[in-house]
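Report on one structure; see the data block that follows.
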Amino acid sequence: MAEENIIILGIESSCDDTSVAVSLNSKILSNVVSSQVIHSNYGGVVPELASRAHEKNIIPVVDRAIKESGIELKDLDAIAFTRGPGLLGSLLVGTSFAKSLGLALNKPIIDVHHMKAHILAHFIEQENKQMPTFPFLCLTVSGGHTQIVLIKDHLDMEIIGSTIDDAAGEAFDKGAKILGLNYPGGPLIDKMSKNGNPDKYKFAKPKVKGYDFSFSGLKTSFLYFIQKQTKENPDFIKQEINHLCAGLQKTIVDILIDRLCEVSKDLGIKKIAIAGGVSANSGLRNALKKLEEIDGFDIYIPDFQYCTDNAGMICITAYYQYKAGLFANQNTVCSARI
Ligand code: KG4
Ligand code: ZN
C-alpha cells in the first residue's frame with residue numbers, strides 16, 4: 001500500500017529568525033526565512049525587539065511559504081511549531097499563531113523541540129543526499145547549545161556531553177564582539193579566517209572532565225590578550241584581525257573535534273553528523289572532511305539552508321511525530337528551557 005501523503009506547515013520562532021516551511025512527507029516544498037537585522041545594532045539579540053519583529057513578520061512569512069509551496073491551507077494535515085528551547089517572547093508568537101491556525105482550520109498541532117529539529121534536518125529528503133543510519137553521533141552547535149548527542153532512532157536520542165557554560169556559537173559571537181565586529185559574529189569570523197594564519201596566535205584549550213565542553217575561559221583569555229596587545233599598539237586589532245579570527249576559529253574547532261573523536265572512540269561509532277548554526281562554519285566543515293578522508297569516518301553535513309534556524313527542520317521533526325501519534329493541544333505551553 002502506498003504511504004499516506006502528509007502535509008505539514010512548520011513555524012520556527014525561537015530566536016531572531018521568523019521561518020515558515022511546508023513539507024510533503026520528508027520533502028520540503030517551501031522554506032521561507034526572514035532574518036531580523038535590527039539586533040546587529042546592539043551586539044546581540046534583544047528579546048523584546050525579537051518578539052515584536054516575529055509578530056510583524058509571521059503573517060507575511062506564512063503567506064509566502066504557502067504560496068511558494070503550491071498547496072492550500074485546507075490541504076494541511078497538521079501545524080507544527082517550536083515549543084522551545086529559545087526566547088520565551090519569541091516562542092510565544094509562533095506557539096500562539098500555530099494554536100490559533102489549528103483552531104481556525106480544525107487541524108492538529110504538533111510541538112517540536114528546537115535542538116532535536118536541528119538534528120532531524122538530516123532526514124530532509126534531497127537529491128543526491130545520503131542520510132545517516134542509526135546509531136550515529138550528532139554534534140549540535142548553535143548560539144545557545146553545544147552538545148554531542150547519540151541518535152538511536154528518529155525520536156530516540158541521548159545527550160552524551162554538553163557545554164557547562166557558553167555555547168560554541170556564543171564563543172564565536174563574543175570573540176567577534178571583542179574584535180568590534182557586528183552580531184552575529186560567527187559568519188564574519190569565518191569569512192576573515194580565510195585570509196588569516198590560524199597558527200599565528202594560539203589560545204589555550206580548557207580541560208573539562210567527561211564529555212562536556214567549556215568556552216567561557218577561552219573568551220576571557222582572548223579578551224585579556226586583546227586588551228594587553230591593544231595597550232601596546234592601538235592598531236593591533238586592525239592590523240591582525242584576519243590572524244586573530246583564524247586563531248580563535250581554530251581553537252574553537254579543535255575543542256569540538258577533540259571531544260567528538262574521544263566520544264566516537266569510546267562508543268565505537270564513526271558516523272558523525274553536525275547540526276545547528278555553527279555547522280555552517282568552514283573551519284569545522286574542513287576538519288570533519290579530514291576525519292572522513294584520513295580516518296575513515298562517515299560525515300553528514302546538512303545543506304547550508306538547513307544549518308541555521310529554519311522551519312524545514314520543524315516540518316521534518318513534526319512529520320516523524322505525526323507518524324508516531326505525538327500531538328500537542330491547546331493547553332501545550334512553550335518553554336525557554338525544555
Ligand atoms: O542554530 P542557530 O541559527 O541559532 C540558534 O539556535 O542559536 O545558530 C546561530 C549561531 C550564532 O552564534 C552564529 O554566530 C553561528 O551560529 N554561526 C556561525 C556561522 N554561521 C552561523 N558560527 C561560525 N561560523 C559560521 N559560518
Ligand atoms: Zn538553532
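Remember, it's 1-based here, ligands and their atoms both numbered in the order they're listed. Everything numeric here is computed off the predicted structure, so don't read it as measured data.
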> To which of Thr82, Leu188, Asp17, Asp173 does the heavy atom nearest atom 13 (C) of ligand 1 belong?
Replying inline: Asp173
> If you stand at the Zn ion (ligand 2) and look out to NE2 of His114 and NE2 of His118, what angle do those two lines make, to 10°?
Replying inline: 90°
> Would you say Lys67 and Arg64 make side-chain contact, with heavy atoms under 4.5 Å?
Replying inline: no
>> Tell me if a side-chain donor or acceptor on Asn197 pairs with a main-chain N or O of His243 at a distance below 3.5 Å.
In response: no
> Can you check salt bridge (Lys or Arg N to Asp or Glu O under 4.0 Å) on Lys209 and Asp212, steps first, answer last?
Replying inline: CA-CA 7 Å; Lys209 274 193 201 142; Asp212 288 336; over 6 Å; no
> Above 12 or not: heavy atoms from other molecules or residues under 6.0 Å from NZ of Lys56?
Replying inline: no
>> Closer than 2.8 Å to the Zn ion (ligand 2): does that hold for any N, O or S atom in His145?
In response: no
> Do other residues, nucleotides or ligands put more than 12 heavy atoms under 6.0 Å from Lys152 NZ?
Replying inline: yes
>> At less than 4.0 angstrom from any non-hydrogen atom of Gly144, what atoms of ligand 1 do you find?
In response: 7 (O)
> Short N/O distance, under 3.5 Å, between Gly185 and ligand 1?
Replying inline: no
> Any luck finding a side-chain donor-acceptor pair between Asp166 and Ser216 under 3.5 Å?
Replying inline: no
> Can you tell which part of His114 has a heavy atom less than 4.0 Å from ligand 1: side chain, backbone, both or neither?
Replying inline: side chain
>> With no hydrogens and no angle check, just 3.5 Å: does a side-chain donor-acceptor pair link Lys323 and Tyr319?
In response: yes
> Is there at least one pair of N or O atoms, one from Gly277 and one from ligand 1, spaced under 3.5 Å apart?
Replying inline: yes
> What protein heavy atom sits nearest atom 9 (C) of ligand 1, and how far off is it?
Replying inline: Gly143 N, 3.8 Å
>> Counting only nitrogen or oxygen atoms and a 3.5 angstrom limit, does Thr308 reach ligand 1?
In response: no
> Any luck finding a side-chain donor-acceptor pair between Glu125 and Ser26 under 3.5 Å?
Replying inline: yes
>> On a heavy-atom basis, I'd like to know which of Thr140, Val141, Asp190 is closest to atom 26 (N) of ligand 1.
In response: Asp190
> Can you list the atoms of ligand 1 that are under 4.0 Å from a heavy atom of Ser142?
Replying inline: 1 (O), 5 (C), 6 (O), 7 (O), 8 (O)
> Do you see an N/O/S atom of Cys15, backbone or side chain, under 2.8 Å from the Zn ion (ligand 2)?
Replying inline: no
> In terms of residue, atom name and distance, what is the protein heavy atom nearest to atom 22 (N) of ligand 1?
Replying inline: Gly186 CA, 3.4 Å
>> Among Thr140, Asp309, Thr317, which residue satisfies the side-chain hydrogen bond (donor to acceptor under 3.5 Å, both in side chains) criterion with His118?
In response: Asp309
> Which is the closest N/O/S atom of Asp309 when seen from the Zn ion (ligand 2)?
Replying inline: OD1
> Please walk me through it: do Tyr201 and Phe225 pass ring pair (Phe, Tyr, Trp, His ring centres under 6.0 Å)?
Replying inline: CA-CA 10 Å; Tyr201 298 109; Phe225 174 74; 5.6 Å; yes
> Given that the side chain starts at C-beta and the backbone is N, CA, C, O, which of these parts of Asp309 lies under 4.0 Å from ligand 1, counting heavy atoms, or is it both or neither?
Replying inline: both
> Among protein heavy atoms, which lies nearest atom 24 (N) of ligand 1, and at what distance?
Replying inline: Asn281 ND2, 3.0 Å
>> Less than 4.0 Å is my threshold; does some heavy atom of His118 fall inside it relative to ligand 1?
In response: yes
> Measuring from the heavy atoms of Pro187, does anything fall under 4.0 Å of ligand 1?
Replying inline: yes
>> I'd like to know whether the aromatic ring centres of Phe134 and His154 sit less than 6.0 Å apart in this structure.
In response: yes
> For atom 15 (C) of ligand 1, which protein heavy atom lies nearest, and how many Å away is it?
Replying inline: Val278 CG2, 3.9 Å
>> Is there a side-chain contact between Ile28 and Ser23 in this structure, where contact means two heavy atoms from C-beta onward sitting under 4.5 Å apart?
In response: yes
>> As an exercise, identify every atom of ligand 1 less than 4.0 angstrom from a heavy atom of Gly169.
In response: 12 (O)
